[in-house]
Amino acid sequence: MLKEQMHKLAQHQEGPCISIALKTHRTHPDNQQDAILLKNLINEAESRLLKEYDRRSVELLLKNLHSIESQIDNRLNDFGLYVFVSANTAEFVRTMWPPVENKVYLDKEFALRDIIKAYNRSEDYYILHLSQSGVELYEALNDRIYGEVSLHGFPFRENPHYITDRQARSDSKKIDNQVREFLNKVDKSMIAVQSVHPLEIIVASTRENFDYLLEVADQPLIYSGHFTIDAGKADIHYLSDKAWPVVKDLQKARRAAAIDELLAGIPSGKVLTDMQEIYRAAREGRGELLMVKNDFSQPIGITRQGFEFAQDATVPGINDDIVNDIAWEVVDKKGRVYFTDQPALRQLGDIALLTRY
């Protein structure tokens, strides 16, 4: 969903475009202040717009800007709200990722850096729940479960290999074999689901059952993470609360690996740190991996030779943040973008690009 919204917004290049980013709240009464903040940012956007344009020329944009305010129910807010308005566009996006700061952007295109960041840090994944009462497979997005998978044998409502014979039940080796046989069936069903819709798989189980699963799995590497629960059935809120930190650790590891990849490209001269060179390479489709410090932004003024840095993003004619343009160019041309505060990036500065050639 977020990917489709991002691409749709990127197609609107008619300008002027207003983008508003604000930190919001999930719960009452904190979310009551979100409406006041949004109104203030909308007023700021209108003020900036009328400094640069005649009111008549932006009449439709102003109408959309004020009408979208009434469409946003602040009781449904997450941690970040992003509003995008032009003469023929009025959309908003909620994410669990707040912006670095509450801000208004006015430019020829929408400011998508926060949406790109949210997209990269949003994760759709499976939670495989193994318990005494059976096996369930859930699909989760970030810190919330939104559906149960009912395909390829899931859910297993009970263990068909549960041993009822009292003497056999005392035979631990036989029990172990039965558990392994059952988990092998679960693994084959998981592979079938994964082949249709591949996602990270986080396993919720006892440590013993997770070890059994890895022993019998045909493809043990598909199980990306694990957290320990007792043998009883856990509710979905508990499962999502425990699974999300595991997924965030996986994401952090991927960002660290991306920095290592970037650093490895330095000896071959494929890493750029000059903003003009980065912008040109991104426009030409040479951007493979862009790393940006989380809070880094750079206003610019367009010149005949390219652009020059500016200090005040609110000055008429200034591009609020060239990082928005660079990040979108890289994403649009099938490159990767990461916003991070990991210390390893500091040796390269606030922004660096690994080129394809």
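Residues take their numbers from the sequence shown, with the count starting at 1.
With a 6.0 Å radius and a threshold of 12 heavy atoms from other residues, nucleotides or ligands, E59 has its CD atom at or below the threshold. The number of heavy atoms from other shown groups lying within 6.0 Å of CD (Q311) does not exceed 12. Annotation for H237: atom NE2 does not count as buried by contact number, only 12 or fewer foreign heavy atoms lying within 6.0 Å. For R75, the CZ atom counts as loosely surrounded, since its 6.0 Å shell holds 12 or fewer non-hydrogen atoms of other residues, nucleotides or ligands. Remark: K242 NZ is loosely packed, at most 12 non-hydrogen atoms of other residues, nucleotides or ligands lying under 6.0 Å away. Applying the 6.0 Å contact sphere to CZ of F210 captures more than 12 heavy atoms from other residues, nucleotides or ligands.
Taking the six-membered ring wherever Trp is involved, the centroid distance between the rings of Y126 and Y138 does not fall below 6.0 Å. Note: F156 and F154 meet the aromatic proximity criterion, with ring centroids under 6.0 Å apart.
Taking 4.5 Å as the limit, every side-chain heavy atom of D350 sits out of range of all side-chain heavy atoms of V292. No side-chain heavy atom of L60 sits under 4.5 Å from any side-chain heavy atom of N88. Between T340 and M291, some side-chain heavy-atom pair lies under the 4.5 Å cut-off. You'll find the side chain of L128 reaches within 4.5 Å of the side chain of V186, heavy atoms only. Under the 4.5 Å side-chain criterion, counting only non-hydrogen atoms from C-beta, F309 is not in contact with P299. A heavy-atom distance below 4.5 Å is found between the side chains of V83 and V85. Within the 4.5 Å cutoff, no side-chain heavy atoms of I18 are placed close to those of F84. Proximity of E91 to T89: side-chain heavy atoms (C-beta onward) are separated by under 4.5 Å at one or more points.
Annotation for N102 and L37: closest pair ND2-CD2, 3.6 Å, computed over non-hydrogen atoms. Across all their heavy atoms, L61 and P16 have their closest contact at CD1-O, 3.2 Å. Q5 and V93 get closest at one heavy-atom pair: NE2-CG2, 3.7 Å. The two residues N120 and Q251 have their closest heavy-atom pair at O-NE2, 4.3 Å. Residues I278 and A352 come closest through the heavy atom pair CD1-CA, 4.2 Å. The minimum heavy-atom distance linking A344 with I259 is given by the pair CB-CG2, 3.7 Å.
Between the R346 side chain and the D341 main chain, no donor and acceptor come within less than 3.5 Å of each other. Formation of a donor-acceptor pair under 3.5 Å by the Q298 side chain with backbone atoms of V323 is not found in this model. At distances below 3.5 Å, not a single donor-acceptor pair connects side-chain atoms of S240 with backbone N or O atoms of R144. A donor-acceptor contact shorter than 3.5 Å links the side chain of N142 to the backbone of E123. Remark: the backbone N or O of A90 is not paired with any side-chain donor or acceptor of N64 at under 3.5 angstrom. The main-chain N or O of E69 is never found under 3.5 Å from a side-chain atom of K39 such that the two would form a donor-acceptor pair. Of the possible donor and acceptor atoms, one in the side chain of T24 sits under 3.5 Å from a partner among the backbone N and O of D78. Checked by atom type and distance alone, the side chain of Q33 pairs as donor or acceptor with a backbone atom of D30 at under 3.5 Å. Under a 3.5 Å cut-off, the side chain of S67 and the backbone N or O of K63 do form a donor-acceptor pair.
Note on ring orientation: taking the six-membered ring where Trp is involved, the planes of Y125 and W244 are parallel (angle under 30°, cut-offs 30° and 60°). Between W328 and H7, the angle of the ring planes goes over 60°, which puts this pair in the perpendicular group of the 30/60° scheme.
Linking ILVMFWY residues whenever their side-chain heavy atoms come closer than 4.5 Å, directly or via other members, places L112 and L2 in the same cluster. Note on I351 and V331: same hydrophobic cluster, where clusters join Ile, Leu, Val, Met, Phe, Trp and Tyr whose side-chain heavy atoms are under 4.5 Å apart, directly or indirectly.
Side chains of N77 and H25: a donor-acceptor N/O pair is absent below 3.5 angstrom, by distance only. Under 3.5 Å, the side chains of H66 and E46 contain a donor-acceptor pair of N or O atoms. For the residue pair K188 and N184, a side-chain donor N or O sits within less than 3.5 Å of a side-chain acceptor on the partner. Side-chain contact annotation: H129 with S205, donor-acceptor N/O pair under 3.5 Å absent. Checked by atom type, the side-chain pair K117/N294 shows a donor-acceptor distance below 3.5 Å.
Residues satisfying the side chain to side chain contact (heavy atoms under 4.5 Å, CB included) criterion with A327, sequence neighbours excluded, are I116, L290, V337, F339.
A salt bridge is defined here as a Lys NZ or Arg NE, NH1 or NH2 lying under 4.0 Å from an Asp or Glu carboxylate O, and E136 with R157 meets this definition.
From L354, atom CG reaches atom CG of L272 across 8.5 Å, with rounding to the nearest 0.5 Å. Atom OG1 in T355 sits 12.0 Å away from atom CZ in R280 (nearest 0.5 Å). Rounded to the nearest 0.5 angstrom, W97 CH2 and D114 CG are separated by 12.5 Å. The structure places CD of E261 at 13.5 Å from CZ of R254, a figure rounded to the nearest 0.5 Å. To the nearest 0.5 Å, the span separating OH on Y223 from CG on D187 amounts to 3.5 Å. Atom CG of residue N31 and atom CG of residue L81 lie 12.0 Å apart, to the nearest 0.5 angstrom.
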Evaluate the criterion ring pair (Phe, Tyr, Trp, His ring centres under 6.0 Å) for residue pair F307 and Y279; output intermediate values, then yes/no. CA-CA 10 Å; F307 59 79; Y279 179 68; 5.5 Å; yes

Start with the C-alpha distance between L353 and L289, add both sets of side-chain angles, then the distance that settles side chain to side chain contact (heavy atoms under 4.5 Å, CB included), and finish with yes or no. CA-CA 6 Å; L353 178 70; L289 173 62; 5.9 Å; no

Hey, mind stepping through I202 and H226 against side chain to side chain contact (heavy atoms under 4.5 Å, CB included) and telling me if it holds? CA-CA 5 Å; I202 308 301; H226 170 258; over 6 Å; no

Run the side chain to side chain contact (heavy atoms under 4.5 Å, CB included) check on N209 and V179 step by step: do they pass? CA-CA 8 Å; N209 275 334; V179 170; 3.7 Å; yes

L49 and L106: CA distance, side-chain angles, deciding distance, side chain to side chain contact (heavy atoms under 4.5 Å, CB included) verdict: CA-CA 7 Å; L49 191 67; L106 173 59; 3.8 Å; yes

E4 and K8: salt bridge (charged side-chain N to carboxylate O under 4.0 Å, His left out), yes or no, with the steps? CA-CA 6 Å; E4 287 73 18; K8 180 182 177 183; over 6 Å; no

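When K103, R113, R48 are each tested for a salt bridge (Lys or Arg N to Asp or Glu O under 4.0 Å) with D320, only one passes: R48.
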